[in-house]
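Residues: numbered from 1 along the sequence shown. Indexing begins at 1, ligand by ligand and atom by atom, following the structure's order. Hydrogens, waters and symmetry mates are skipped; everything else that's a heavy atom, side chains included, is used.
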Amino acid sequence: MAGLPDDFVITRHDVPKPPEPSEEGQDLPPEVMRQLCAHLDLFEEMTCRELRVAVELMMDTGRRPEEICKLEFHCMNRDRQGKPVLVYTNWKEQRIRRELPVHEPTAQLIREQQERVRLLYPGRPQSQLALLPSSVMNQFGAKGIDSTHFSGVHREWVTALPEFRLDDGTIFDKEKIFPYAYRHSFAQRHSDAGVPIEVLSPLMDHDSYQSTRCYYRVKEVRLREAVDKVTAMQFDRHGQRVWGAVTTLLDAERVRLAIGSVQVPFGTCSEPSNVSAGGGACPLRFRCMGCDHYSTDVSHLPELAAYLDGLLRQRERLRSMTEADEWARAEATPSEEEISRVRRLIRRVTEEVDQLTDTERAEIHQAADMVRKTRQGFLGMPRVPQPLPDLRPERPA
Ligand code: SF4
């Protein structure tokens, strides 16, 4: 302390905040979430309704366990568009009345719980009630469940469940399933779905982008692996594998792909003038099935299937259309050649995927899902819409 003035003090605010337990990659895979959701009834049997609602709210909202356990009775509002928002307190940063948009099923869950609390504590002022009242020494319903107790019973529940098996056959370590992992999963799912950091950071109520950034680092690593997997299963327009039996791309190949090609409907284009124009200068008006610059990969299968459906529907519509000239209908009608080429390509890609082992197929489907979620930009052609991120795989967003 030598040399410091007499009025030097260290206050509580000078002490660095303990780091958020946000080590990278602690999110739960969708398969694990699915299995957990399937056993929520058991959790309620082992504990009580309040603890079940708590775990569901943690899954749905990504709030910290303490924030959920201490929710007030009136914890739901509507925004100006009439959409539900959760009102909670960020105890870690001491920020009160934070608002988080939630899905309608979550709002319904809260409404049902409010009704239950109303019946449990009739006559008590609602402003003094907890949404999830503790069953211990809580005569007036003002005390919420204890987050430490919640962690303990959550561990017992997870331990009592059967093994968690991932789609590739590996067993997921139960030690990695703890209440805070729902928060990591919520953040990672949004990051993977392409939600920008300036949206996700306030959504997580982080005080800086630094805490949010780890979810994007995880995404980058996973995306790179996923891109490698789907690109290794790339096909030319005739359905021939471009990379043969290659399983991982070299860095140079990856760079060449990045600078020498551009995303087009259902695949990739390497035609130089179109690449320089960012995909907006196709000399063939996107008749990719008849162009040697076109290639595709397994992640484009849904788009290819949707495109084929669209061609078939368009052909049927035009056949029955009487209010157009013959030449106009003929020009607008998709050619038989294109239809059969798309069919053949879909068949070839599907056959190659079918030849993989179950584990490889599960991996490639996962990789394709991830690549699809991050693919952006509407190219003026049919595409398959991506679902909004939701941690509960058993229900739509
Ligand atoms: S038709 Fe050929 S040049 Fe045009 S976008 Fe498709 S692949 Fe590229």
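- Counting atoms of ligand 1 from 1 in the listed order, those under 4.0 Å from a heavy atom of C269 are 3 (S), 5 (S), 7 (S), 8 (Fe).
- Close approach to N274 involves these atoms of ligand 1, each under 4.0 Å from a residue heavy atom: 5 (S), 8 (Fe).
- Note: Y294 and H238 fail the aromatic proximity criterion, with ring centroids not under 6.0 Å apart.
- For a distance bound of 2.8 Å, the N, O or S atoms of C282 include none lying that close to atom 6 (Fe) of ligand 1.
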### Query
salt bridge (Lys or Arg N to Asp or Glu O under 4.0 Å) between E303 and R372: does it pass, once the steps are laid out?
CA-CA 10 Å; E303 284 101 331; R372 262 199 301 276; 5.1 Å; no

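- Close approach to C291 involves these atoms of ligand 1, each under 4.0 Å from a residue heavy atom: 1 (S), 2 (Fe), 3 (S), 7 (S).
- The proximity of R287 to ligand 1, defined as any non-hydrogen pair under 4.0 Å, is limited to the backbone.
- Between W157 and F43, the ring planes are tilted. Angles from 30° to 60° get that label.
- The side chain to side chain donor-acceptor pair (under 3.5 Å) test with D192 is passed by exactly one of H190, Q188, R189: Q188.
- Protein heavy atom at the shortest distance from atom 6 (Fe) of ligand 1 is C288 SG, 2.4 Å.
- Y180 and H184 have their aromatic ring centers within a separation under 6.0 angstrom.
- Looking only at protein heavy atoms, the nearest one to atom 3 (S) of ligand 1 is E271 CB, 3.5 Å.
- Selection from F266, Y294, F286 by nearest heavy atom to atom 7 (S) of ligand 1 gives Y294.
- The side-chain tip of K174 does not point at the ring of F172 from less than 6.0 angstrom away and within 45° of straight on.
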